[in-house]
Structures are given as structure tokens and as C-alpha cells.
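Please read these numbers as outputs of a predicted model, since none were measured by experiment. Every heavy atom of this structure was used, including side-chain atoms; hydrogens, water molecules and symmetry mates were not. Counting convention: from 1, in listed order, for ligands and their atoms alike.
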Amino acid sequence: MKSFSLLAILITICLLNISNAAFSKGNPVLSDSNFIEQSDPSVAAEYCPVSGEKIEGSGVAFTYLDTKVKFCCEGCEKSFKKNPAKYLKSGVIDPVCGMSETNSDITSVNDGVKYYFCSESCKKKFEKDPSKVLEKYNN
Ligand SMILES: [Zn+2]
Ligand SMILES: [Zn+2]
């Protein structure tokens with residue numbers, strides 16, 4: 001009985017060594033990037049474009065066409081989707097032709113998200129098949 005438990009301990013030690021070795025060999029890049037993300041002071045704090053509050057943790061991420069946006073909470077994400085042009089300082093693009101000159105009176109809401117167009121003809125193209133237009137913005 002005594003020798004059996006000793007053997008069990010030895011096997012456990014061997015297994016632990018193997019898994020430690022596998023871990024340190026397998027994920028050096030991942031652990032490095034994690035380290036940078038958590039401790040690099042040059043990474044600026046992010047602020048919610050809707051509430052203006054500092055985003056703690058990962059926040060709520062949403063990609064509006066070609067622009068990645070982060071919010072402090074889902075409530076702010078909802079407010080943004082209803083009125084993206086109000087919160088995007090860089091402006092909004094027409095998803096059909098890609099122009100940055102959009103008319104705030106020519107809009108369409110798809111899946112709770114508002115889109116802006118340069119002209120009625122782009123809006124018509126969008127409303128004919130929104131998923132096809134938005135497809136090219138989904139990475
Ligand atoms: Zn919020
Ligand atoms: Zn257009």
C-alpha cells in the first residue's frame with residue numbers, strides 16, 4: 001500500500017511537469033500580448049462616446065460599418081444605434097456608395113441600427129437588400 005501511494009505521487013509529479021512544459025512551450029505569444037494589454041501605460045483610457053464615462057474592463061463593442069465603437073454599457077450601445085451620426089466624431093459613411101457626405105434626412109433603420117445615405121437612390125438600393133450591402137462590412 002505504501003509503495004502504491006508513492007508511485008501515485010511520482011506519476012502526479014510527472015504529469016504536472018509535462019503539462020507545465022506544454023503550457024510554457026505552447027503559448028508564449030498569447031501570454032506576452034496579455035501582459036502588454038494589462039500593464040502598458042501607453043494604452044489610453046477609453047471613454048464611452050454616448051455617456052462620456054471611462055470604460056471599465058472590456059466594455060460593450062460594436063462595429064458600425066467600418067468603425068469600431070466601444071460603450072460602457074448596453075444601454076449606451078442602444079442609444080448609439082438609434083443615432084450613430086450624433087456620436088461618431090469622424091462622421092458616418094453611406095454604406096452603399098461609401099461616401100462620407102451623407103444626408104441626415106435620408107436614413108434607414110435595419111436591425112435596430114440607423115444608416116445614412118447620400119441620396120434617395122442609395123437608400124433605395126440599401127432597402128432592396130440590406131444584408132447584401134452590410135455583408136461587405138462584416139469581417
Ligand atoms: Zn453606458
Ligand atoms: Zn450614396
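Under the 6.0 Å distance and 45° angle rule, Lys70 does not count as a cation-pi partner of Phe62.
Around the Zn ion (ligand 1), the two atoms SG of Cys72 and SG of Cys76 are separated by an angle of 120°, to 10 degrees.
Look at Cys48 and the Zn ion (ligand 1): no N/O/S atom of the residue is under 2.8 Å from the metal.
The atom name of the N/O/S atom in Asp94 closest to the Zn ion (ligand 2) is OD2.
None of Tyr115, Tyr116, Tyr137 except one satisfies the ring-ring contact (aromatic ring centres under 6.0 Å, His included) rule with Tyr64; the exception is Tyr115.
With hydrogens and angles ignored, the 3.5 Å screen pairs no side-chain donor or acceptor of Asn110 with any backbone N or O of Val113.
Here CD1 of Ile93 is found 11.0 Å from CE of Met99. Values are rounded to the nearest 0.5 Å.
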